[in-house]
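In what follows, a structure is listed as structure tokens, so that the remarks can point back to it.
Here, residue 1 is the first one in the sequence, and each next residue gets the next number.
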Amino acid sequence: MTVVNEVCGAEGSKTKNTGGKKQRLEGAVRTYALAKGNFTFESIKDAKSKEKWDEAKQNKDIVIFYDIEELEVNNREEQITEGRYSDYKSKDAIKGVNYTHYLSSCSYEALKSFESSEYNRVFRITENNELLCVVKDDGKVQGEPLNSFLVGIRNDAPADGVPNCQVMLKFNPYKLSVLKPEFDMSDYEGIYDVRLELVSATATSIKFKAMAVCSCNAIKSFEESNVVVKDASGAVETVSFVSPDPDGVYEITGTDFANGYELDLDGVIAQTEIMYESEAPLSIQLD
């Protein structure tokens, strides 16, 4: 009888050279970005490029999150079974960390929406502007693999503090790489939600405002190419665009507008240092 044990001599058992005593240590994590599980930067150069990060953000392959105010280790230690002559590892350790954010209620809801989503990898950015990631054998770059991403309740502000919530991350096994981005990621932000508000509507004119969700400030920087109007069947209408007045009221003019038409931003709008996306299309109801 032949006994086959494919566990014996498992990959990773080869020892490595230790090198010198001087260490190059990464800094504490400041912020992070979740990435879709299948998203990959094609090279280390791409992973360090702002242009490639902007492209991935606009395509919704990555989502940028908030600054971390407090952090703590949340590992599950390996479990050891004591034998008569040797100790045996019965369960591997699992790396974990808890991050505390100070968040508004709308930012909390955005964060909470990523639980159990397709975004199951994470790129973490340190306070020294270092990018923590995984570099594959073919040179492509992915986020660190997550086993779980859980968002705790949002705590009310105490007498001497601010509202806060805790995010709990657990990682799958991986080999960490540390890259130095070519741009400052400390202030790199996510996509801003926009709420479109109807001011008035007739058969020839639609007036609306574009309000930043959370801040409720009027956005006055959209251009004609950023806005699309569709009829009830979904066909795009040919319209004219009037820039916003001092109160932030835009006007779209055309012919034969009707109830059931929709006005929306045309996807994720990328401006110089900021991106916008509407929460939902604006349904048109004539006055």
| request: State whether a side-chain donor-acceptor pair under 3.5 Å links Glu144 with Tyr174. | output: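 Side chains of Glu144 and Tyr174: pair found under 3.5 Å.
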| query | Does a donor on one side chain sit under 3.5 Å from an acceptor on the other, for Asp231 and Ser233? | reply |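 Note: Asp231 and Ser233 side chains meet the donor-acceptor criterion.
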| task | List for me each residue that meets side-chain hydrogen bond (donor to acceptor under 3.5 Å, both in side chains) alongside Lys45, sequence neighbours excluded, and say none if there are none. | result |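 If we apply the side-chain hydrogen bond (donor to acceptor under 3.5 Å, both in side chains) test to Lys45, skipping adjacent residues, there are no hits.
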| task | Can you sort out the partners of Tyr192 under side-chain hydrogen bond (donor to acceptor under 3.5 Å, both in side chains), two or more places apart, ordered by chain and number? | result |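 Listed in chain order: Glu189.
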Give, for atom [atom1] of [X] and atom [atom2] of [Y], the distance between the pair rounded to the nearest 0.5 Å.
| X | Y | atom1 | atom2 | answer |
| --- | --- | --- | --- | --- |
| Thr126 | Ile68 | OG1 | CD1 | 10.5 Å |
| Lys57 | Met275 | NZ | CE | 4.5 Å |
| Ser243 | Glu251 | OG | CD | 11.0 Å |
| Arg121 | Leu146 | CZ | CG | 8.5 Å |
| Lys36 | Gln142 | NZ | CD | 14.5 Å |
| Leu150 | Lys170 | CG | NZ | 8.5 Å |

Quick check on the hydrophobic clustering: are [X] and [Y] connected, directly or via other members, by side-chain heavy-atom contacts under 4.5 Å?
| X | Y | value |
| --- | --- | --- |
| Leu34 | Val151 | yes |
| Leu132 | Val134 | yes |
| Val29 | Val122 | yes |

| request: Could you tell me which residues satisfy salt bridge (Lys or Arg N to Asp or Glu O under 4.0 Å) with Glu70, sequence neighbours excluded, listed by chain and number? | output: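 With neighbours one apart ignored, the set is empty.
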Keeping [X] on the side-chain end and [Y] on the backbone end, is there a donor-acceptor pair under 3.5 Å?
| X | Y | answer |
| --- | --- | --- |
| Asp184 | Ser186 | yes |
| Asn226 | Glu223 | yes |
| Asn172 | Pro145 | no |
| Asn17 | Gly19 | no |
| Asn120 | Gly37 | yes |
| Ser107 | Ser104 | no |

| Do the ring centers of Phe241 and Phe222 come within less than 6.0 Å of each other? |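 Centroid distance Phe241-Phe222: not below 6.0 Å, so no.
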| query | Which disulfide bond (SG atoms under 2.5 Å apart) pairs, counting each pair once, include a residue from residues 96-153, with sequence neighbours left out? | reply |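 Residue pairs passing disulfide bond (SG atoms under 2.5 Å apart), neighbours aside: Cys106-Cys214.
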| Is there a ring-ring contact (aromatic ring centres under 6.0 Å, His included) between Tyr102 and Tyr66 once you walk through the steps? | CA-CA 9 Å; Tyr102 298 162; Tyr66 312 104; over 10 Å; no
Let me have the donor-acceptor pairs involving side chains of residues 152-168, under 3.5 Å, with sequence neighbours excluded, atom names and distances please.
unit_1, atom_1, unit_2, atom_2, d
Arg154, NE, Leu103, O, 3.0
Arg154, NH2, Leu103, O, 3.1
Asn155, ND2, Asn164, OD1, 3.1
Asn164, ND2, Val162, O, 3.2
Gln166, NE2, Glu72, OE2, 3.3

| message | For Lys207, is the NZ atom crowded, meaning more than 12 foreign heavy atoms sit under 6.0 Å from it? | response |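 For Lys207, atom NZ is not crowded (no more than 12 foreign heavy atoms under 6.0 Å).
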| query | Quick check: are there more than 12 heavy atoms from other residues, nucleotides or ligands sitting under 6.0 Å from NZ of Lys50? | reply |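 Buried by this count: over 12 neighbours within 6.0 Å.
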Tell me which donor-acceptor pairs under 3.5 Å the side chains of residues 253-272 have, and how far apart each pair is, sequence neighbours excluded?
unit_1, atom_1, unit_2, atom_2, d
Asn259, OD1, Leu286, N, 2.7
Tyr261, OH, Asp256, O, 3.3
Asp264, OD1, Ser278, OG, 2.4
Gln271, OE1, Ser221, OG, 3.0
Gln271, NE2, Ser221, O, 3.3
Gln271, NE2, Ser221, OG, 3.1

| task | Identify whether the distance between the nearest side-chain nitrogen and carboxylate oxygen of Lys52 and Glu42 falls below 4.0 Å. | result |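 Glu42 and Lys52: not salt-bridged.
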What heavy-atom pair brings [X] and [Y] nearest, and what distance separates the two atoms?
| X | Y | value |
| --- | --- | --- |
| Ala212 | Ser215 | CB-OG, 3.3 Å |
| Glu127 | Arg30 | N-CB, 3.9 Å |
| Thr40 | Lys140 | CG2-CB, 3.3 Å |

Using atom types as modelled, flag every donor-acceptor pair under 3.5 Å from a side chain in residues 193-202 to any protein atom, sequence neighbours excluded.
unit_1, atom_1, unit_2, atom_2, d
Arg195, NE, Glu279, OE1, 3.3
Arg195, NH2, Glu279, OE1, 3.3
Thr202, OG1, Thr204, N, 3.3
Thr202, OG1, Ser205, N, 3.1

| request: Test Glu69 against Asp67 for side chain to side chain contact (heavy atoms under 4.5 Å, CB included), laying out the working first. | output: CA-CA 6 Å; Glu69 305 297 340; Asp67 280 349; 4.2 Å; yes
| query | Which other residues end up in the same hydrophobic cluster as Ile80, if Ile, Leu, Val, Met, Phe, Trp and Tyr are linked when side-chain heavy atoms come under 4.5 Å apart? | reply |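 None; Ile80 is a cluster of one.
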| query | In the hydrophobic clustering that connects Ile, Leu, Val, Met, Phe, Trp and Tyr at side-chain heavy-atom distances below 4.5 Å, which members other than Phe183 occupy its cluster, ordered by chain and number? | reply |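 So far as hydrophobic clustering goes, Phe183 is joined with Phe39, Phe41, Ile44, Trp53, Ile62, Ile64, Phe123, Ile125, Leu131, Val135, Val141, Leu179, Met185, Tyr188.
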| task | Could you pull out all residues at least two apart from Phe114 that satisfy ring pair (Phe, Tyr, Trp, His ring centres under 6.0 Å)? | result |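 Partners of Phe114 by the ring pair (Phe, Tyr, Trp, His ring centres under 6.0 Å) criterion, ordered by chain and then number, come out as Phe65, Tyr119.
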| message | Does any part of the side chain of Gln79, heavy atoms only, come nearer than 4.5 Å to the side chain of Thr81, both counted from C-beta? | response |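 Thr81 vs Gln79: side chains apart.
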| request: Measure the shortest side-chain to side-chain distance between Val73 and Lys95 over non-hydrogen atoms and say whether it is less than 4.5 angstrom. | output: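 In short, these two side chains do not touch, never coming nearer than 4.5 Å.
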| task | Starting from the C-alpha separation in whole Å, work towards a yes-or-no answer on side chain to side chain contact (heavy atoms under 4.5 Å, CB included) for His101 and Leu111. | result | CA-CA 10 Å; His101 298 295; Leu111 184 66; 3.9 Å; yes
| query | side-chain contact (heavy atoms from CB on, under 4.5 Å) with Ser86: which residues, sequence neighbours excluded? | reply |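 Applying side-chain contact (heavy atoms from CB on, under 4.5 Å) to Ser86 gives Tyr88.
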| task | May I have all residue pairs that pass ring-ring contact (aromatic ring centres under 6.0 Å, His included) and include part of residues 195-215, sequence neighbours excluded? | result |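 Passing the test, one end in residues 195-215: Phe208-Tyr250.
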| said: Working note: Lys48 + Glu182, criterion salt bridge (charged side-chain N to carboxylate O under 4.0 Å, His left out); need CA distance, chi angles, decisive distance, verdict. | reply: CA-CA 5 Å; Lys48 300 195 298 184; Glu182 297 171 353; 5.0 Å; no
| side-chain contact (heavy atoms from CB on, under 4.5 Å), paired with Phe171, selected from Val97, Asn147, Ile94, Leu176 |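 Output: one option passes, namely Val97.
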